[in-house]
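A short write-up of the structure that comes next.
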Number of protein chains: 4
Amino acid sequence: MRFEQGRSIYEQIVEYIENRVLTGAWQPDDRVPSVRELAVDLGVNPNTVQRSYSLLQDEGAIYNQRGVGYFVSSDAPERTRSARRRQFETETLPRLFETMEMVGYSIADLEHAWTAWQKGRTS
Amino acid sequence: MRFEQGRSIYEQIVEYIENRVLTGAWQPDDRVPSVRELAVDLGVNPNTVQRSYSLLQDEGAIYNQRGVGYFVSSDAPERTRSARRRQFETETLPRLFETMEMVGYSIADLEHAWTAWQKGRTS
Amino acid sequence: MRFEQGRSIYEQIVEYIENRVLTGAWQPDDRVPSVRELAVDLGVNPNTVQRSYSLLQDEGAIYNQRGVGYFVSSDAPERTRSARRRQFETETLPRLFETMEMVGYSIADLEHAWTAWQKGRTS
Amino acid sequence: MRFEQGRSIYEQIVEYIENRVLTGAWQPDDRVPSVRELAVDLGVNPNTVQRSYSLLQDEGAIYNQRGVGYFVSSDAPERTRSARRRQFETETLPRLFETMEMVGYSIADLEHAWTAWQKGRTS
DNA sequence: GTGGTCTAGACCACC
DNA sequence: GTGGTCTAGACCACA
C-alpha cells in the first residue's frame, strides 16, 4: 500500500481497514494483524498503527482482547456502511454537485464516467 | 466568509478566489483586492492572504503589476476550469465510485440526489 | 519595450538607456526624451522614469539643463562602457564560471553557443 | 554561511542546497537538516528555512516524510542540473553575449579569463 | 499606496 | 522529535 501525501497516514490506515471490512475480506470476529505486524507491512511507525486501531475501537469497528489482539466487531460491516453512507450524503454529495456545476460537468457526463469506470473495473 | 476548520485558511482563500473567477464575478484584468484589504475583509493576517496570492500567481490565475496590485489573468477562467476538471476526473471521481460501490449507492440514487439538489438550489 | 518581472523597472530603464548610448543610437549632447514622454512610451509611472534619470545623472551619464531637459554627457559612452566592463569582470564572470562548472558546461560549449548566437544575430 | 544583501535569504538557501546536491555533497535519499536545525545553523528564522524547503519540494528536489523530515529526491541531481542548464542557456547566455558585444569583450578574452580562473581555482 | 520579506513566537497535527 | 500554519508586527523597495 502506498500513501497519499496531504492526508494523515493514520486516517488512510483507518480507511484501508474499513474497506477490508466493507468488502468482506475481513469477517466479524476475524483477528486483525497485530500492531507491530501491520506497521512492518506498511513500513510505518507502530505508534501510527496504534492510533488507527484506537480510533477504530472507539468507533466500535474492532474490539480488543487483552494479550491476544484486535478482532473485527460483529456489527462492524453494517455500522461502517451506514456511517460511510451518512457521511457520503451529507458531505461528499453537496460538495460534488457544487464542483460539477462550477466546472460544467453534467449528470450525463457522470453516467458515462461511471460506466467507463465499471468496464475498467471488470476487465 | 467563514472558514472551515481542518483545512488551511490560505487554501480556502485560493478556492474562494478561483470560484469568483469561475462564476465570472471577477473578470479577466479586473483588479483583485489588495493584500491588506482582503486581509481586513476576511479577518485574517495579511501574510495569509499574501500566501494565497503567491500561490494563485504561480498557477497563473492572477498576475502582479509592480506597485499597483494583482489582476485576474486573461486565461484564468479556462485555466482554472480545466485544472479543476482534471482534478475532478482523476481524484474525485474514482474515489466517489469506490465509495458508491462500497456503501451500495447506485447511479440511479445519485441522479435522484442530483435533481433534488437542483430543486433546493433554485428555490 | 517589455519589462521582465523580478527586477525593478527603473533598473531596466537605466539599462535600456545605457544600451542606447553604448550602441551609439544616442550620441553625446543629444537630448533624451522628457520624463513624461518616456513614461508614456513605456507605459510606466513618471516617478519611475524620474528615478532612472536621477540615477543616470548621479553616474554622470546624462546631465540636466533646467527647464530644457536631459542630455547625454560627452563622456557617457566611455564612462558607461568601462563601468560595465569592470562589473562584467568582477561580478558576471566569476558567477558565470561557477555556474558552468556546476552544470557541466565547457568552454567549448560556450564557443559554440557564441557562434550560434552571432549567426542568429545577423540573419 | 553569509548572505548577500539584495537577494532574498530564502532564495539563497535554495541555491545553497541545490549546490550541495549538484556537487554530490548530499546524496539522494540523504536526510537534509531539519527546519529548526538549519535555521539555527544559518542564524535565520525557521519560517525562512521552511519557505526554502517548500519551494525545493515543489521543484521535486526534496521530498517529505511525515513526522520524520526532508530527504533528497532520487532524481534531484539530474533534475536540478538540467533546470540550471536550461536557465543558463535561455537567460544567462543571451544576456552575457549582449554585454560582451556592448563592452567589446571578445570570445578570446573570455577564454583567457576562463583559464586564469581555473588556475586560481586549483592553486 | 502596493507587494515582498523576515522575525518572533505560538499552536497544532502527526510520527 | 518532525513539519505546517497562523498571527503580529516590522522594514524595505517600488510605483
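Keep in mind that the numbers below use all heavy atoms, side chains included, and drop hydrogens, waters and symmetry copies. Reminder, nothing fancy here: chain letters follow the sequence lines and each chain counts from 1.
- When rounded to the nearest whole Å, the span between CG of A:Leu55 and P of E:dA13 equals 13 Å.
- Atom CZ of C:Arg36 has 12 or fewer neighbouring heavy atoms from other residues, nucleotides or ligands inside a 6.0 Å radius.
- Under 4.0 angstrom from either OP1 or OP2 of E:dG3 there lies no side-chain N or O belonging to B:Gln50.
- D:Leu56 places its CG atom 13 Å from the P atom of F:dG3, with the value rounded to the nearest Å.
- Within 3.5 Å, a donor on the side chain of B:Asn47 pairs with an acceptor on the base of F:dG9, or the reverse.
- Taking side-chain N and O atoms only, A:Ser8 has a distance below 4.0 Å to OP1 or OP2 of E:dC14.
- For the pair D:Val35 and C:Ile9, both in contact range of DNA chain F, the more 5′-proximal nearest nucleotide belongs to D:Val35.
- Between D:Ser34 and F:dT2 there is a side-chain polar atom (N or O) within less than 4.0 angstrom of OP1 or OP2.
- Close to E:dT2, at under 4.0 Å from its OP1 or OP2, lies no side-chain N or O of B:Tyr53.
- What separates CZ of B:Phe3 from P of E:dC12 is a distance of 19 Å, to the nearest Å.
- Where D:Val68 and B:Gly69 meet DNA chain E, the nucleotide closest to each residue was compared, and B:Gly69 sits on the side nearer the 5' end.
- A ring-ring contact (aromatic ring centres under 6.0 Å, His included) with A:Tyr70 is found for one member of A:Tyr63, A:Trp26, A:Tyr53 and no other, namely A:Tyr53.
- Distance check: A:Arg51 CZ to A:Ile9 CD1 gives 11.5 Å after rounding to the nearest 0.5 Å.
- Within the 4.0 Å cut-off from OP1 or OP2 of E:dT2, not a single side-chain nitrogen or oxygen of B:Arg66 is found.
- Here E:dG4 presents its C1' atom at 14 Å from CD1 of B:Ile62, a figure rounded to the nearest Å.
- Computed from coordinates, the C:Glu11 CD to F:dC14 C1' distance equals 11 Å when rounded to whole Å.
- As judged by a 4.0 angstrom heavy-atom cut-off over every strand, B:Arg31 is placed among residues touching the sugar-phosphate backbone only.
- In this model, the phosphate group of E:dC15 is not approached by any side-chain N or O of A:Tyr10 to a distance below 4.0 Å at OP1 or OP2.
- Considering only heavy atoms from C-beta on, C:Ser8 comes within 4.5 Å of C:Glu11 through its side chain.
- Between C:Val44 and B:Pro46, the residue anchored closer to the 5' end of DNA chain F is B:Pro46, taking for each the nucleotide with the nearest heavy atom.
- In this structure, A:Arg51 places its CZ atom 9 Å from C1' of E:dC15, rounding to the nearest Å.
- The base of E:dG3 lies close enough to the side chain of B:Arg36 for a donor and an acceptor atom to sit less than 3.5 Å apart.
- Nucleotide E:dT2 is matched to F:dA13 when pairs are restricted to Watson-Crick or G-U wobble geometry with both distances under 3.5 angstrom.
- Residue C:Asn45 contributes atom CG, which lies 10 Å from atom C1' of F:dC14 at whole-angstrom precision.
- The distance from atom CG of A:Asn19 to atom OG1 of B:Thr99, rounded to the nearest 0.5 Å, is 8.0 Å.
- Separating the CD1 atom of C:Ile13 from the C1' atom of F:dC14 is a distance of 12 Å, rounded to the nearest angstrom.
- Closest approach of C:Pro94 to C:Glu89, counting heavy atoms only: CD-O, 3.4 Å.
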